[in-house]
Every structure is written in C-alpha cells, then in structure tokens.
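So you know, we letter chains A, B, ... as the sequences are listed, proteins then strands, and number each from 1.
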There are 2 protein chains.
Amino acid sequence: MARLPVCECESVHQDIVDAVKPQLLGDAEAIDLASVFKLFGDGTRVRILQALRVHELCVCDLACLLGLTKSAISHQLKALRLSNLVKFRREAQNVFYSLADEHVEAILDIGLEHLRE
Amino acid sequence: MARLPVCECESVHQDIVDAVKPQLLGDAEAIDLASVFKLFGDGTRVRILQALRVHELCVCDLACLLGLTKSAISHQLKALRLSNLVKFRREAQNVFYSLADEHVEAILDIGLEHLRE
DNA sequence: GTATTAGTTGAGCAACTGTTCAACTATATA
DNA sequence: TATATAGTTGAACAGTTGCTCAACTAATAC
C-alpha cells in the first residue's frame, strides 16, 4: 500500500487530482477503517451481529443459532470485541454479548438497504 | 457455514433463541451482505471509495493518487462495479468512475464515526 | 493501415483468514 | 477438595485474496 513518487500515466487530470489528494484518508486511517468493515465482511460475523441486534446472547446461544462450535463463535467475538463492535457482561458461567453502539446497527441497515433496493 | 441440527451446549436460553431465530438472516442473504461489506474491508478499496466520494476519477487518476498500477486499480474497480458500489462512464479514452449511490457514502461516514468517537 | 495511451483481464503467487482441535481458565455445585 | 459446564486461546491447515505480470481490447491520432 506504499505510494509511488510518480504516476505511470500520461494524462492525469492534475487539477482534480490535486483537489482530491488532501481529502484522502491517511494510510493508517484507511487501514483502520478497512479493518472495521472487514469484520462485517464475513458470513458468520454478520450473522452474529444480526442476531445480537435482536437480543443479547451468550456464546452457547450463538453457537446453537448459527450451528457452529463455541470455539469458532468465541474467536469471532474476540475480533468483534477488539474493534468495539460488541460489548459483553458476565453472569455466572455465561458471557452475554450485545452490540456496542448504534453505528453497528446503522451499518447493518444500510448494507441491507443496498442489497434489497 | 452449515447449520448443525443440534447444539453442543446444555444451557441454551431456549426462549430467547427461539425468538431470535426467525429474525436471523438467511444463509444466502448473510453471504450477500458480507460480500458487500468485504469490499469496504480493504485499504486500497476504501481509499478508492473515499477518493470517488470527493470527485469522479479515471483509472489513471486513482492509480496516481494511490500509488498503484492501473491494473491493480482496475481489478478493484471491477469488484466494486459488480456489487454496484461504483458506476462509470466512458469519455474518449478515459473511463470515469463515481460512487453508485448515497449508501456508499453513508457507510463510509458511519465507519469513520465509529473509528473517531 | 500503424502507433500510442487508457483500460481490462486471467494466471500465478505470496500473504492473509476462518475453522478445527486440543489445552486451557472461570464459575458454580456437590 | 473434585467435577462439570461455559468460554477462551494458540497452532495448524485449507481456502481465499490482492498484487504483479503479460497479453489483450478500446479509442484517438497520424
């Protein structure tokens, strides 16, 4: 993802490029942003998020709903936790997960809108 | 991503699971939704989308802005095209790309909000 | 027609990712 | 204490992905 000093093209629209350049995301921010969206970009994780949108659930509930092992679910929940997409609370032996904030719901909504339009 | 008939856990919260189950995404829709988000989940593609949000750009402009080859950009644009995240118009030798609709902008916005809060 | 530049495409490969498996920690109960 | 269930974690492996390279098509100019 390194930026080359010069461009291979001859007919760049220089005025437009110069105007756009300062509004680009920095490398670090682009990678961080992509990392968040990457978490929505997997069938298992997006089904986990959709399920948590309906109700908080423990790891077992999710494993049962999605037909996966607790291990697989737990691995994915860890990734979702690290990017603050889900939060959790322990109650006795159970750990209940839920969506972290309304951004997560909003992103799911808009994605579905895009699909269904 | 196949669903097992039974769950490995003993203490599933059956009433909650039963309530959530009918609201889950189907397998096909979950995969389609994940496929869309996957496109946002790469540093190069998210920088392309952010750049197109500012102004329509040709492949060369993007290659120049991001410091990548035309081939690399074109490959990514094809993926974005196939999921209707960008549209394009040809003008002489140039092909100008722009964002397909306001959903794309909205998803970028909310993702950035989540990062920056 | 040829030449030039813009853009696309398929193959190949290195890097990454999601699941499984086994071993582990945490909490509760007897 | 020992036992059982819930949950986590690291390694390993198969499957996926993004870039490069080379060859190709598209439009313009001569």
**OP:** Could you walk me through whether K87(B) and D101(B) pass salt bridge (charged side-chain N to carboxylate O under 4.0 Å, His left out), step by step?
**Re:** CA-CA 9 Å; K87(B) 58 190 179 193; D101(B) 57 46; over 6 Å; no

Quickly work out the [X] [atom1] to [N] [atom2] distance and round it to whole Å.
X: I48(B); N: dC19(D); atom1: CD1; atom2: C1'; answer: 12 Å
X: E56(A); N: dG7(D); atom1: CD; atom2: P; answer: 12 Å
X: I73(A); N: dG18(C); atom1: CD1; atom2: C1'; answer: 12 Å
X: H13(B); N: dT5(D); atom1: NE2; atom2: P; answer: 15 Å
X: L62(B); N: dC19(D); atom1: CG; atom2: P; answer: 13 Å
X: L80(A); N: dG18(C); atom1: CG; atom2: P; answer: 10 Å
X: K38(A); N: dC16(C); atom1: NZ; atom2: C1'; answer: 8 Å
X: F96(B); N: dA6(C); atom1: CZ; atom2: C1'; answer: 11 Å

**OP:** Without swapping roles, check the side chain of R45(B) against the backbone of R47(B) for a donor-acceptor pair under 3.5 Å.
**Re:** no

For [N], take OP1 and OP2 only and decide whether either is under 4.0 Å from a side-chain N or O of [X].
X: R45(B); N: dG18(D); value: yes
X: Q76(A); N: dT19(C); value: yes
X: Y97(A); N: dT8(D); value: yes
X: N94(A); N: dT27(C); value: no

Original post:
For DNA chain C, what residues of residues 82-90 of chain A have any heavy atom nearer than 4.0 Å?
Top reply: R90(A)

Subject >> Euclidean distance, Q23(A) CD relative to L65(B) CG, rounded to 0.5 Å >> reply: 11.0 Å

Subject >> Interatomic spacing from CG in L115(A) to NE2 in H103(B) - rounded to 0.5 Å >> reply: 10.0 Å

Using the side-chain heavy atoms of [X], tell me which of these nucleotides is nearest: [options].
X: D42(B); options: dG18(D), dG7(C), dT8(D); answer: dG18(D)
X: T69(A); options: dT8(D), dT20(C), dC19(D); answer: dT20(C)
X: Q93(A); options: dT20(C), dA28(C), dG18(C); answer: dA28(C)

Could you pull out the protein-nucleic contacts involving nucleotides 9-13 of chain C (nitrogen or oxygen on both sides, under 3.5 Å)?
{"unit_1": "dT9(C)", "atom_1": "O4", "unit_2": "S71(B)", "atom_2": "OG", "d": "2.7"}
{"unit_1": "dG10(C)", "atom_1": "O6", "unit_2": "H75(B)", "atom_2": "NE2", "d": "2.8"}

Subject >> Taking every non-hydrogen atom, the tightest pair across R81(B) and V86(B) >> reply: N-CG2, 3.7 Å

**OP:** With side chain to side chain contact (heavy atoms under 4.5 Å, CB included) as the test, would you mind laying out the steps for L33(B) and F40(A) before giving the verdict?
**Re:** CA-CA 8 Å; L33(B) 185 57; F40(A) 290 85; over 6 Å; no

Subject >> Identified side chain to side chain contact (heavy atoms under 4.5 Å, CB included) counterpart of Y97(A) within the set V59(A), L49(A), D61(A) >> reply: V59(A)

Original post:
Mind checking what makes side chain to side chain contact (heavy atoms under 4.5 Å, CB included) contact with E56(B), not counting sequence neighbours?
Top reply: R89(B), F96(B), S98(B)

Original post:
Can you check side chain to side chain contact (heavy atoms under 4.5 Å, CB included) on K38(B) and V46(A), steps first, answer last?
Top reply: CA-CA 11 Å; K38(B) 205 171 291 186; V46(A) 92; over 6 Å; no

Original post:
Between L62(B) and L77(B), is any pair of side-chain heavy atoms under 4.5 Å apart?
Top reply: yes

